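All values reported here derive from a predicted model rather than from experimental measurement.
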Amino acid sequence: MPIRVHLDDLLAQRGMTLSELSSRVGITLANLSILKTGKARAVRFSTLDALCRALDCQPGDLLRWEDGPPEPDEM
């Protein structure tokens, strides 16, 4: 998928762990891990809102589109 999640970068910039983020936003560690590794296929706006609030960022700081062919399951 050409949409990439840059959660690791933001966590490092903020000096925050995934566990701490999980506690702040009320999202399980497992679901954050799925998002972080790029395996998520959808993100709710409420989740995006919670992440942006906790990380003090914009959605574009978390998600980036990269040019390239779609993944086989997206065709």
Side-chain angles (χ1 to χ4, degrees):
M1 171 188 318
I3 302 292
R4 303 286 177 226
V5 179
H6 295 276
L7 189 54
D8 273 341
D9 298 336
L10 287 169
L11 288 172
Q13 290 170 8
R14 306 302 190 271
M16 189 183 300
T17 65
L18 201 61
S19 296
E20 185 179 348
L21 181 62
S22 173
S23 296
R24 287 188 185 194
V25 297
I27 298 171
T28 66
L29 211 50
N31 284 335
L32 282 178
S33 181
I34 289 168
L35 182 63
K36 185 180 90 160
T37 59
K39 294 180 182 175
R41 293 292 167 215
V43 180
R44 291 182 180 175
F45 281 149
S46 58
T47 299
L48 191 55
D49 175 58
L51 291 171
C52 288
R53 286 177 189 277
L55 294 167
D56 189 29
C57 69
Q58 294 294 314
D61 298 329
L62 274 170
L63 306 172
R64 298 262 161 78
W65 178 82
E66 295 178 6
D67 195 12
E71 297 287 325
D73 64 335
E74 296 174 344
M75 299 170 110

Exercise for review: Evaluate the criterion side-chain contact (heavy atoms from CB on, under 4.5 Å) for residue pair Leu55 and Val25; output intermediate values, then yes/no.
Suggested key: CA-CA 10 Å; Leu55 294 167; Val25 297; over 6 Å; no

Review point. Do Leu35 and Leu51 pass the side-chain contact (heavy atoms from CB on, under 4.5 Å) test, and can you show the C-alpha distance, the side-chain angles, and the key distance before you say yes or no?
Key: CA-CA 11 Å; Leu35 182 63; Leu51 291 171; 3.5 Å; yes

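Across Pro59 and Leu48, no two heavy atoms sit closer than the pair CB-CD2, 3.9 Å. Here the shortest heavy-atom pairing between Thr17 and Leu11 reads O-CD2, 4.0 Å. Taking each heavy atom of Ala54 and Leu21 in turn, the nearest pair found is CB-CD1, 3.7 Å.
Separation of atoms CG (Asp61) and CG (Asp9) is listed at 10.5 Å; rounding is to 0.5 Å. Rounded to the nearest 0.5 Å, atoms CD1 (Ile3) and CG (Leu62) are 12.5 Å apart. Between the SG atom in Cys52 and the CG atom in Leu63 there is a gap of 8.0 Å [rounded to 0.5 Å]. Going from atom CG of Asp56 over to atom CE of Met16 covers 9.5 Å, rounded to the nearest 0.5 Å. Interatomic distance, Arg41 CZ to Ile34 CD1, rounded to the nearest 0.5 Å: 11.0 Å.
Within a 6.0 Å radius of CZ in Arg14, other residues, nucleotides and ligands contribute more than 12 heavy atoms.
For the salt bridge (charged side-chain N to carboxylate O under 4.0 Å, His left out) test, residues two or more places apart in sequence or in another chain that qualify with Arg24 are Glu20.
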